[in-house]
Protein chains: 2
Amino acid sequence: MKVIIAEDQVMLRGALSALLDLEDDVDVIGQAGDGEEALKLIMQLEPDLCIMDIEMPKMTGLDVAERLKELGHPCRVVILTTFSRSGYFQRAMKAGVHGFLLKDSPIDELGAALRKVHQGGRAISPELSLTFWEAENPLTEREQEVLKRVAQGLSANDIAKELFLSSGTVRNYVSDILQKLEAKNRIDAISIAEKNGWLK
Amino acid sequence: MKVIIAEDQVMLRGALSALLDLEDDVDVIGQAGDGEEALKLIMQLEPDLCIMDIEMPKMTGLDVAERLKELGHPCRVVILTTFSRSGYFQRAMKAGVHGFLLKDSPIDELGAALRKVHQGGRAISPELSLTFWEAENPLTEREQEVLKRVAQGLSANDIAKELFLSSGTVRNYVSDILQKLEAKNRIDAISIAEKNGWLK
DNA sequence: CATCCAACATGACAATTGTCATATGAAAAG
DNA sequence: CTTTTCATATGACAATTGTCATGTTGGATG
């Protein structure tokens, strides 16, 4: 099977590529260090499978997966990520990926996962518990926009200007966010949202 | 040369171990997933070299390196880390490590770095620029204690209680921190300190 | 078609953060 | 030995955050 590896960490990308190339039935035909390059290579080289990190420059792995789904592209995506965040997982499933592995899994599992996906199956890391499905993002679109800017260190006044709202509105959104996440303050809220993959 | 790999990310640890074992002159004799296990294995197996991540559970790679230096242990440490933070680099140099590589380096460089260190040399990632040496942590011990707790989402009152200070004192420390880091607010300050490796 | 609900929006007031002036003690420098 | 400097420490006041009551609009439900 023809495989492309999309991973911005050079050393891991090189190591995975070298090891997978040692397998008889795996052919690593391309490597990408960011999401845009990954999408381009998939279009050009038509791999069977793509191993895709999530957090990459220019375009996240989830953005690429969503794009491939839009295009009805046959390439099967196996997400390989560091963080077991429910927000990522849900978004990946919606994007129709065929695998979701954690970098905390043994290297042996990767090859097995690729074969499974190539044969039409799905490969999900066993570490992802059932409760994982339940932690849906409780924030509205507007609240997410506000929280993203809070996380960037912007004040309520700054955010009000950017989103064409009044400062009181922004403060109310922040207050709603604190209540929904059961956070003590905005630093706490940022931390909770990051852990759950609710901050893009 | 006998090598131990200390890396909490299972997949990378497995991949590096497999690849390094393919080299004629490298013998991977142990693997550790956290700092304490790494220290224990180094004591027991007496490797020539240890490839050490920084951010690991229980004990950071830098804590381990410092411990080995205290003991005058002959094992040579090569730091392998994701983040090029000057705080980490300085602390590593002070701990007497023999190598400092970024996971953004190609896998080929790792083997070459190990040989260089084994022969008594040092191996530093070329990406680490000269300015890297200059970004010394501007915060006092007390300010660092305060910022660590701010980053954990504690209020000035909470921090005052923990450190046996008054709330006004804590707020003044926070204000000093904001000025030194040229941060707009505490979220901004946390972000700057994290980027520079000044938050432990 | 009417009612209800949720998302979005605002400002008054309470609580917390951040600034600033000030003080003390220990270590470094002259 | 004296002076200076820096880290540590505190509270008054200004600025911002967070809470709460309230309003509007559009979509869902009966």
Side-chain angles (χ1 to χ4, degrees), chain A residues 87 90-91 94 134-196 198-200, chain B residues 87 90-91 94 134-196 198-200:
Chain A
Q90 285 163 24
R91 196 173 153 199
K94 277 166 188 162
E134 285 158 27
E136 192 106 6
N137 190 346
L139 305 180
T140 68
E141 288 280 319
R142 207 48 154 166
E143 285 166 349
Q144 292 178 50
E145 287 187 65
V146 167
L147 185 58
K148 174 178 135 191
R149 286 160 179 79
V150 167
Q152 284 163 359
L154 295 169
S155 71
N157 256 344
D158 295 331
I159 298 172
K161 286 181 195 128
E162 270 200 26
L163 299 182
F164 305 98
L165 300 169
S166 84
S167 156
T169 302
V170 173
R171 278 183 279 111
N172 192 55
Y173 280 129
V174 173
S175 194
D176 284 345
I177 292 167
L178 297 192
Q179 277 174 12
K180 285 183 177 180
L181 303 189
E182 291 178 33
K184 287 178 300 180
N185 52 42
R186 53 182 68 186
I187 295 173
D188 203 13
I190 293 166
S191 174
I192 291 165
E194 268 178 353
K195 276 196 195 86
N196 284 282
W198 296 333
L199 263 171
K200 296 165 186 173
Chain B
Q90 285 163 25
R91 197 173 151 200
K94 277 170 188 158
E134 286 159 24
E136 192 107 6
N137 191 345
L139 306 180
T140 69
E141 289 279 318
R142 207 50 155 166
E143 284 166 349
Q144 293 179 48
E145 287 187 67
V146 167
L147 185 57
K148 174 179 137 192
R149 286 159 179 81
V150 167
Q152 285 163 0
L154 295 169
S155 71
N157 257 344
D158 296 330
I159 299 173
K161 282 176 197 136
E162 269 200 27
L163 298 182
F164 306 100
L165 299 168
S166 84
S167 155
T169 302
V170 173
R171 277 182 281 110
N172 191 56
Y173 280 129
V174 173
S175 195
D176 284 345
I177 292 166
L178 298 192
Q179 278 174 12
K180 284 183 175 179
L181 303 188
E182 290 178 34
K184 288 178 297 179
N185 51 43
R186 53 182 68 187
I187 294 173
D188 203 13
I190 294 166
S191 174
I192 292 165
E194 267 178 353
K195 277 197 195 86
N196 283 282
W198 296 333
L199 263 170
K200 295 167 186 172

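Per chain, numbering begins at 1; letters A, B, ... match sequence-line order.
- Extent of DNA chain C lying under 4.0 Å from chain A heavy atoms, first and last nucleotide in 5' to 3' order, is C/dA7 to C/dA12.
- Nearest-nucleotide mapping onto DNA chain C: of B/Asp176 and A/Asn172, the residue sitting toward the 5' end is A/Asn172.
- In this structure, B/Asp188 contributes its side chain and A/Gln152 its backbone to no donor-acceptor pair below 3.5 Å.
- Mapping B/Val170 and B/Asn185 onto DNA chain D by nearest heavy atom places B/Val170 closer to the 5' end of the strand.
- DNA chain C lies under 4.0 Å from at least one heavy atom of each of the following residues of residues 156-169 of chain A: A/Leu165, A/Ser166, A/Gly168, A/Thr169.
- The interatomic distance linking B/Arg171 (CZ) with D/dG11 (C1') rounds to 8 Å, in whole Å.
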Walk me through it: do A/Ser155 and A/Asp158 pass the test side-chain hydrogen bond (donor to acceptor under 3.5 Å, both in side chains)? CA-CA 5 Å; A/Ser155 71; A/Asp158 295 331; 3.1 Å; yes
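- Here the side chain of B/Asn196 pairs no donor or acceptor atom with the backbone of B/Trp198 at under 3.5 angstrom.
- For A/Gln179 (side chain) and A/Asp176 (main-chain N/O), no donor-acceptor pair under 3.5 Å exists by modelled atom type.
- Without hydrogens or angle criteria, A/Gln144 side chain to A/Leu139 main chain gives a donor-acceptor distance under 3.5 Å.
- Here A/Arg142 pairs with A/Glu145 in a salt bridge; the nearest charged N to carboxylate O distance falls below 4.0 Å.
- More than 12 heavy atoms of other residues, nucleotides or ligands shown are found within 6.0 angstrom of NZ on A/Lys180.
- If you check every strand for non-hydrogen atoms under 4.0 Å, B/Thr140 touches sugar and phosphate atoms only.
- With hydrogens and angles left out, the side-chain atoms of A/Ser167 and A/Arg171 include a donor and acceptor closer than 3.5 Å.
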